[in-house]
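To start, the structure under review is shown below, and the notes come after it.
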Amino acid sequence: MDPSNGVQIPQRLVELLHSAPSIAVLTGAGISAESGVPTFRQKQIGQSQNGLWSRYDPEELATPQAFRRNPELVWRWYTWRRELISGVAPNAGHQALVEMEQHFPQFTLITQNVDGLHQQAGSRRVIELHGNIQRNKCFAENRVVGSWSETGEIPPRCPVCGGMLRPDVVWFGEPLPQDALESAWKAASTCQVFFSIGTSGIVEPAASLPYIALHTGAVVVEINPNPTPLTAQATYVLPGPAGSVLPVLLAALSRA
Ligand code: BJW
């Protein structure tokens with residue numbers, strides 16, 4: 001059997017990675033797809049996987065407007081997603097990134113995912129651009145809330161001000177956490193190699209990060225089974241699922 005699963009890693013890229021002190025990686029929903037977490041924009045094969053929620057468009061639920069209109073619906077959607085995430089495990093793609101972290105003096109992992117699977121795999125420093133689904137905060141006062149009394153009300157109430165609780169994630173129209181965005185910007189503008197993995201690359205400001213890297217002279221590598229707006233401009237495109245491509249890339253790095 002071919003251990004590379006047909007994935008070809010250009011030798012020039014391997015050589016470059018050996019001499020690159022600083023690497024930045026941006027991940028999106030695609031890296032968690034092989035763990036069983038549905039991506040945001042792709043219709044899943046066998047919609048029954050999403051059951052009740054397949055008729056809702058995630059882009060329309062992940063907004064403050066949707067929450068104001070129907071807080072119970074949005075809270076229940078996040079409860080379903082939290083439960084789904086609690087039942088899955090990191091995959092070979094997440095694990096390869098943990099090992100890649102050891103290879104480079106500077107390695108910055110930036111994720112748009114809210115599922116915490118990079119941390120669960122063992123990645124030490126993860127910049128979460130869009131928050132984390134396991135945390136909650138007060139919708140009225142933005143305070144992170146760890147516990148509350150269960151009264152049966154959905155969504156539950158903030159123990160301090162009585163406002164509604166919501167997940168601590170970034171919805172459309174909301175600003176990203178300033179420190180996370182600044183760190184991501186810095187990593188993109190100072191790295192030698194930038195990886196864009198499993199993201200459709202259409203949600204700003206994260207979508208701009210590979211272009212910042214290109215602009216400052218970095219090599220940009222895209223890993224995705226499908227083309228994206230970045231594909232034509234990426235220096236290298238490694239087409240395929242992250243869970244297959246990343247372990248082969250890691251093996252090529254370790255061999256040389
Ligand atoms: C695989 C695979 C496998 C499958 N292996 N790959 C400039 C221009 C136009 C619009 C804007 C702009 N600037 C801002 C905006 C507005 C908006 C925006 O970008 N809209 C666009 C949709 C047009 N941006 C915002 O509103 C952001 N806020 C902001 O800019 O605020 C400014 C502000 C400043 C000051 C005050 C107030 C405001 C916020 C964006 C927040 C995004 N939030 C979400 C939800 C998070 C919570 C939750 O999960 O519920 O984040 S939306 C959703 O999209 C989620 C994701 O992180 C994000 C990106 O999606 P991702 O990860 O790329 O997933 P998919 O599904 O799109 O793609 C999956 C990919 O995987 C595909 O390519 C597959 O092929 C691939 N794949 N299997 C590898 N095995």
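Start at 1 and go down the list; that is how both ligands and their atoms are numbered.
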- Any chance the rings of Phe67 and Trp171 have centres within less than 6.0 Å? yes
- Message: Can you confirm if the NZ or CZ of Arg55 lies within 45° of the ring axis of Trp53 and under 6.0 Å from the centre of its six-membered ring?
- Response: no
Heavy atoms only: which of [options] is nearest to [atom]?
atom: atom 44 (C) of ligand 1; options: Leu61, Val170, Ile197; result: Val170
atom: atom 54 (O) of ligand 1; options: Glu59, Arg41, Gln112, Glu204; result: Arg41
atom: atom 76 (C) of ligand 1; options: Ile202, Asn224, Val245; result: Asn224
atom: atom 56 (C) of ligand 1; options: Glu174, Glu222, Gln178, His130; result: His130

[X] N/O under 3.5 Å from ligand 1 N/O:
X: Trp77; value: no
X: Phe40; value: yes
X: Val203; value: no

Taking only Lys NZ, Arg NE, NH1 and NH2, and the carboxylate oxygens of Asp or Glu, determine whether [X] and [Y] approach each other closer than 4.0 Å.
X: Glu101; Y: Arg125; answer: no
X: Glu153; Y: Arg157; answer: yes
X: Glu174; Y: Arg166; answer: yes

- Heavy-atom contact under 4.0 Å between Ile31 and ligand 1? no
- Message: Is Ile133 close enough to touch ligand 1? Criterion: a residue heavy atom under 4.0 Å from a ligand atom.
- Response: no
- Note on the structure: So the atoms of ligand 1 within less than 4.0 Å of a heavy atom of Arg81 turn out to be 48 (C), 49 (O), 50 (O)
- Hey, which atoms in ligand 1 end up nearer than 4.0 Å to a heavy atom of Gly173? 25 (C), 26 (O), 37 (C), 38 (C)
How does [X] reach ligand 1, if at all, at less than 4.0 Å between non-hydrogen atoms: by side chain, backbone, both, or neither?
X: Ser200; result: both
X: Val114; result: side chain
X: Trp171; result: backbone
X: Val169; result: side chain

- Would you call Val74 and Arg69 a side-chain contact if the rule is heavy atoms closer than 4.5 Å? no
- Message: Which residue and atom name correspond to the protein heavy atom nearest atom 78 (N) of ligand 1, and how close is it?
- Response: Ala33 CB, 3.8 Å
- Query: Atom OH in Tyr236, atom CD in Gln8: separation rounded to 0.5 Å?
  - Reply: 14.0 Å
- Message: Using modelled atom types and a 3.5 Å cut-off, is there a donor and acceptor pairing between side-chain atoms of Gln192 and backbone atoms of Ser22?
- Response: yes
